[in-house]
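Residue numbers start from 1 in every chain, and the chains themselves are labelled A, B, ... in the order their sequence lines are given, proteins ahead of strands.
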2 protein chains.
Amino acid sequence: MTGRTASRGSYAKTAARRQEILEAAFAVFAERGYENGSLRDIADKVGISQGGILFHFGSKIDLLEAVLDLRDARSRELFTTRIADQEPGLPHLRALVDLVRDNVNEPGMIQLYTLLAAEGTAADHPAHAYFSGRYAWLVEQSHLSLLALRDQGLLRAGVEPGHAARSLVALLDGLQLQWLYRPTEIDMVGDLRTSIQQLISVPL
Amino acid sequence: MTGRTASRGSYAKTAARRQEILEAAFAVFAERGYENGSLRDIADKVGISQGGILFHFGSKIDLLEAVLDLRDARSRELFTTRIADQEPGLPHLRALVDLVRDNVNEPGMIQLYTLLAAEGTAADHPAHAYFSGRYAWLVEQSHLSLLALRDQGLLRAGVEPGHAARSLVALLDGLQLQWLYRPTEIDMVGDLRTSIQQLISVPL
DNA sequence: ACAAAACCTGAACGACCACTAAGTTTTCAC
DNA sequence: GTGAAAACTTAGTGGTCGTTCAGGTTTTGT
């Protein structure tokens with residue numbers, strides 16, 4: 001009885017519309033940041049009014065969260081199929097390099113995360129919790145891989161998994177920042193490979 | 001003759017006033033970024049009107065440049081007395097660790113540079129050229145130190161100075177970012193020391 | 001002491017912001 | 001085809017922003 005008067009549901013093309021908006025928002029947030037990027041910029045990119053955006057996503061913060069969720073879902077999908085499916089250890093690290101290789105072809109992704117991660121250090125930023133959790137997760141994943149490698153006796157002498165895990169994530173972020181300033185000069189994938197290679201005693 | 005009608009010059013306390021403004025601007029830009037931090041915030045902190053700020057610094061961009069120049073001057077002063085005065089090589093790297101140790105006690109400094117460096121990736125950002133040059137300089141300095149160490153035979157096997165220099169700077173930025181999210185958990189100085197130690201074959 | 005330069009205020013300007021409300025058009029189940 | 005819900009537009013709200021400017025106050029050389 002109660003379910004009879006349920007809402008009619010979305011139109012057929014609504015999903016595609018939301019997708020358009022999300023991608024425009026991604027581009028704007030990547031280029032201008034969350035605080036500085038405006039709903040008008042996003043609306044103009046889609047060819048819709050500001051109100052139209054807010055019909056689909058109730059507020060600017062909701063839109064940011066949707067963008068992050070979408071990207072996170074995609075990233076996690078890649079990360080899952082490529083990494084978590086493999087046994088931890090060497091394959092993990094190889095997949096990490098592959099992931100970075102893909103990101104180089106999608107510079108907006110790097111720009112978005114670099115900018116939002118910096119903005120997000122403020123405790124009241126809407127993406128603060130997201131990035132706080134993201135770093136914890138990234139470091140933990142790397143830590144597990146390095147622990148596995150140590151058990152396999154593949155770690156070089158003097159490499160401490162905890163320190164190396166934090167450093168690996170830090171190196172990634174730092175390289176991305178330098179790469180954004182000089183994309184042609186910095187070889188992110190090569191530098192990452194070289195650094196990982198120095199952690200392990202077998203060819204990567 | 002021509003010099004007769006020269007301007008009278010500043011009042012006695014003007015220098016101190018400018019200093020107050022610079023420090024308030026530093027705090028505001030550190031906490032909210034350049035784009036998001038407002039002249040009103042800065043004016044309130046000083047206890048002056050917005051117009052008062054703009055009398056001393058003609059525009060918001062001028063103020064940012066003054067803040068960066070000031071910080072750069074201080075940083076360069078430290079870097080010069082501590083580092084460039086020493087012969088390049090081990091003392092350089094030791095001084096780098098000391099510099100980071102000091103920065104930990106001035107978190108605003110880290111926040112400012114992390115946020116502005118990310119904002120500055122946009123080519124039209126007023127701090128873009130500053131950070132672009134800064135990274136080139138930092139990497140170059142580290143490169144020179146590592147080259148000197150190689151000539152002294154103090155580099156570990158497989159360490160390539162160019163790669164290691166980029167990585168060292170990247171590690172610094174990345175650690176700062178993680179530290180901003182979890183200041184109590186991340187030991188920036190310790191992690192940096194450990195990473196440097198893995199580049200060289202003698203105790204740091 | 002007194003003029004002039006330096007300093008500073010307060011009010012206004014135009015532009016932009018996220019968001020709301022009300023009205024219009026499009027879609028879709030029936 | 002028709003009615004109602006979904007999708008969207010248009011216009012407006014109250015807010016913040018950097019900057020300008022006319023006018024007042026303070027400091028300073030003479």
Closest heavy-atom pair, B:Val97 versus B:Val189, reported as atoms and distance to 0.1 Å, is CG1-CG1, 3.8 Å

Under-3.5 Å donor-acceptor pair between B:Arg8 side chain and C:dA4 base: yes

Of B:Gly51 and A:Gly37, the one whose nearest nucleotide on DNA chain C sits closer to the 5' end is B:Gly51

Check whether any side-chain N or O of A:Arg40 sits under 4.0 Å from OP1 or OP2 of C:dC17, and answer yes or no. yes

In whole angstroms, how far is the C1' atom of D:dT16 from the NZ atom of B:Lys60? 11 Å

A:Lys13 side chain N/O closer than 4.0 Å to the phosphate oxygens (OP1, OP2) of C:dT27? yes

Please give, in whole Å, the distance from C:dC19 P to A:Leu64 CG? 12 Å

Would you say a side-chain N or O of B:His56 is under 4.0 Å from OP1 or OP2 of C:dC8? yes

Mind checking A:Ser49 for me? I need base, sugar-phosphate or nothing, with any heavy atom below 4.0 Å counting as a touch. base

Do the side chains of A:Arg71 and A:Glu106 get close enough for a salt bridge, i.e. N-O under 4.0 angstrom? yes

Nearest whole Å is fine: how far is C:dC7 P from B:Arg18 CZ? 9 Å

Got a donor-acceptor contact below 3.5 angstrom from the B:Gln178 side chain to the A:Arg166 backbone? yes

Using a 4.0 Å heavy-atom cut-off across all strands, classify B:Leu54 as base, sugar-phosphate, or nothing. base

Least distance between heavy atoms, B:Leu68 atom then B:Tyr113 atom: O-OH, 4.3 Å

When the distance from CD of A:Glu20 to P of D:dC8 is rounded to whole Å, what number comes out? 9 Å

Over how many whole Å does the gap from A:Ile48 atom CD1 to C:dT24 atom C1' extend? 15 Å

Between the base of C:dA6 and the side chain of B:Tyr11, is one N or O donor paired with an acceptor at under 3.5 angstrom? yes

Would you indicate, yes or no, if C:dA18 has its OP1 or OP2 atom less than 4.0 angstrom from a side-chain nitrogen or oxygen of A:Ser59? no

Looking only at atom types and distance, does a side-chain atom of A:Ser195 sit under 3.5 Å from a main-chain N or O of A:Leu192, one as donor and one as acceptor? no

B:Ser38 or B:Gly58: which one's nearest nucleotide on DNA chain D is closer to the 5' end? B:Ser38

